[in-house]
Amino acid sequence: MTTIEKFDDNVMHTYGRFGVVLDKGEQRSCIDENGKSYIDFGSGIGTNSLGFCDKEWADAVCSQVRSIQHTSNYYYTKVQADFAEKICSVTGYSKVFFGNSGAEANECAIKLARKYSFDKYGKGRHNIITLVNSFHGRTLCTLSATGQDSFHNYFFPFVEGFVNTKANDIDDLKSKLDDDVCAVMLEFVQGEGGVIALDKEYVQQVADICREKDILLIADEVQTGVGRTGKFLASEHYGVKPNITTLAKGLAGGVPVGACLADEKCSDVLTKGTHGSTFGGNPLACAGGRVVIEKITADGFLGEVTAKGQYFKEKLEKMDEVKAVSGLGMMIGITLKSKNAADIVAEAIEKGLLLLTAKEKVRLLPPLNITYDEIDKGLEIFEKILNA
Ligand SMILES: Cc1ncc(COP(=O)(O)O)c(C=O)c1O
């Protein structure tokens with residue numbers, strides 16, 4: 001029985017997988033079980049921020065495995081304390097709650113916002129406004145928050161209390177801000193929705209309105225956070241400080257992690273017994289995450305992410321088949337003139353290049369430490385496919 005047959009016999013068929021069995025990775029390339037090599041422009045959907053098996057990251061995770069791999073959250077660990085201190089000091093937030101995924105980080109944010117409002121205003125002020133075309137996760141609650149009808153099927157009833165507003169339309173938002181609203185939740189760059197950045201002026205207006213009305217602003221930075229856009233948080237591009245920011249994907253370099261960060265105003269809302277997670281803040285994730293944050297915040301690193309994002313954009317815009325390039329930093333969406341993005345991604349695998357799609361676009365989320373040489377090699381393959 002092949003690996004794929006065994007897999008298909010035993011794992012639920014919830015993904016449209018490509019027929020490749022990835023076996024080993026090093027830096028920004030990996031090889032499949034037949035020894036074929038692939039340049040990685042997807043980093044496991046923005047997760048392997050330091051590429052495959054970065055030496056210091058791997059050493060930190062391995063040494064943690066050998067020292068203590070898990071404790072329940074009824075005890076303290078030094079590695080979680082150090083990681084939490086690091087995240088809070090880098091982001092300027094007061095406190096963090098650790099989970100294991102983006103959806104869990106968003107669940108925590110939603111619970112926090114509702115409890116903040118309940119504690120202060122009582123029952124009823126529980127609605128959360130999210131944007132049309134947003135994506136917030138696959139749990140029932142985060143699916144309900146997701147502003148795309150295509151996700152609102154099969155699993156009825158969905159969680160109530162989510163209202164959608166059109167992105168970049170401040171009047172539409174104002175018309176929906178009644179006395180039942182406790183929070184507005186947004187992605188600065190809609191990732192799954194097609195790599196679309198929000199307008200700066202709109203975001204600043206949203207932040208101002210939220211502040212005036214004591215409505216919490218929640219930033220879902222699960223995809224945009226941890227250096228992806230060239231700043232540690234995408235909110236820095238927009239000059240706003242949301243009350244709550246969620247992180248996941250790239251935060252621990254490939255070990256499952258989710259983080260919900262709260263500012264001073266709401267850092268003590270979730271009290272003993274109101275939230276929890278068995279695996280949240282797991283020592284392996286914290287050990288890996290510490291190395292990720294240290295490397296990403298080292299002098300010059302984020303400037304390089306910006307420069308490389310710009311380099312990608314300039315090279316892509318010169319390609320005949322490329323109609324437009326969207327995104328921020330190394331979160332890149334490519335609209336093609338005539339070719340189908342999904343077909344290009346499938347052909348790229350044949351030619352040894354891993355890409356992603358987002359809606360009708362080709363999406364790139366390369367490892368943040370990719371080299372110019374690797375960018376050139378990958379883009380050469382990409383252009384050949386586009387021109388074929
Ligand atoms: C913006 C955003 N929020 C939440 C999620 C869900 O994250 P996870 O799959 O880790 O639950 C994703 C995943 O793509 C995302 O892009």
Side-chain angles (χ1 to χ4, degrees), residues 12 14-17 42-49 97-113 128-148 150-152 155 159 162 164 167 183-198 203 217-229 233-235 237-238 242 244-261 277 279-282 285 288-289 292 326-333 355-359 361 363-366:
M12 289 188 200
T14 58
Y15 301 97
R17 293 178 204 272
S43 60
I45 321 189
T47 295
N48 294 338
S49 22
F97 176 88
F98 290 117
N100 311 282
S101 65
E104 275 181 74
N106 287 338
E107 290 268 354
C108 179
I110 291 163
K111 283 178 72 175
L112 198 165
I128 296 181
I129 300 205
T130 61
L131 302 192
V132 172
N133 197 44
S134 56
F135 182 79
H136 297 298
R138 295 283 192 161
T139 61
L140 207 40
C141 182
T142 53
L143 269 186
S144 307
T146 292
Q148 300 186 52
S150 56
F151 285 99
H152 300 157
F155 313 114
V159 177
F162 293 97
N164 298 145
V184 173
M185 180 166 172
L186 48 80
E187 299 155 90
F188 292 109
V189 184
Q190 295 189 327
E192 301 305 305
V195 198
I196 306 165
L198 294 181
V203 170
L217 180 60
I218 304 172
D220 176 347
E221 293 229 33
V222 165
Q223 192 160 152
T224 55
V226 201
R228 174 56 55 194
T229 67
L233 296 178
S235 56
H237 291 286
Y238 287 84
I244 302 171
T245 287
T246 57
L247 301 173
K249 290 195 184 289
L251 182 57
V255 186
V257 71
C260 176
L261 295 156
S277 160
F279 287 114
N282 172 272
V292 169
S326 65
L328 259 182
M330 280 215 273
M331 184 169 179
I332 301 165
L355 305 170
L356 302 162
T357 56
K359 292 277 169 76
K361 295 182 189 175
R363 176 175 39 155
L364 312 184
L365 298 172

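Quick caveat, the model's predicted, so the values are computed rather than measured. Order of appearance sets the numbers: ligands from 1, and atoms from 1 within every ligand.
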Task: Derivation of the side chain to side chain contact (heavy atoms under 4.5 Å, CB included) call for Thr224 and Leu328 - done: CA-CA 9 Å; Thr224 55; Leu328 259 182; over 6 Å; no
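- Considering only non-hydrogen protein atoms, atom 16 (O) of ligand 1 sits nearest to Gln223 NE2, 2.8 Å.
- Residue-level proximity to ligand 1 for Ala103 is carried by backbone and side chain together, each with a heavy atom below 4.0 angstrom.
- Panel note: side chain Glu221, backbone Ala234; a donor-acceptor pair is recorded below 3.5 Å.
- Within the 4.0 Å heavy-atom cutoff, Lys249 counts among the residues contacting ligand 1.
- Close approach to Ser101 involves these atoms of ligand 1, each under 4.0 Å from a residue heavy atom: 10 (O), 11 (O).
- To the nearest 0.5 Å, the span separating CG on Leu186 from CD1 on Ile129 amounts to 11.0 Å.
- Atom 3 (N) of ligand 1 has its closest protein heavy atom at Asp220 OD2, 2.7 Å.
- Atom SG of Cys260 sits about 11.0 Å away from atom CZ of Phe98, to the nearest 0.5 Å.
- Residue contacts with ligand 1 for Glu192 involve side-chain atoms from C-beta outward but no N, CA, C or O (heavy atoms, distance under 4.0 Å).
- In this structure, the protein non-hydrogen atom closest to atom 7 (O) of ligand 1 is Gly102 CA, 3.4 Å.
- For the atom pair CZ (Phe151) and CD (Glu192), the distance works out to 7.5 Å, reported to the nearest 0.5 Å.
- Atom numbering of ligand 1 starts at 1 in the shown order; those under 4.0 Å from a heavy atom of Glu187 are 1 (C).
- No side-chain donor-acceptor contact under 3.5 Å links Ser134 to the backbone of Thr130.
- The shortest side-chain heavy-atom distance between Pro366 and Arg228 falls under the 4.5 Å cut-off.
- Closer than 4.0 Å to atom 9 (O) of ligand 1 lies none of the heavy atoms of the protein.
- Between Glu187 and His136, the closest side-chain pair of non-hydrogen atoms falls below 4.5 Å.
- The proximity of Asn106 to ligand 1, defined as any non-hydrogen pair under 4.0 Å, is limited to the side chain.
- Only the backbone of His136 comes within 4.0 Å of ligand 1, judged by heavy-atom distances.
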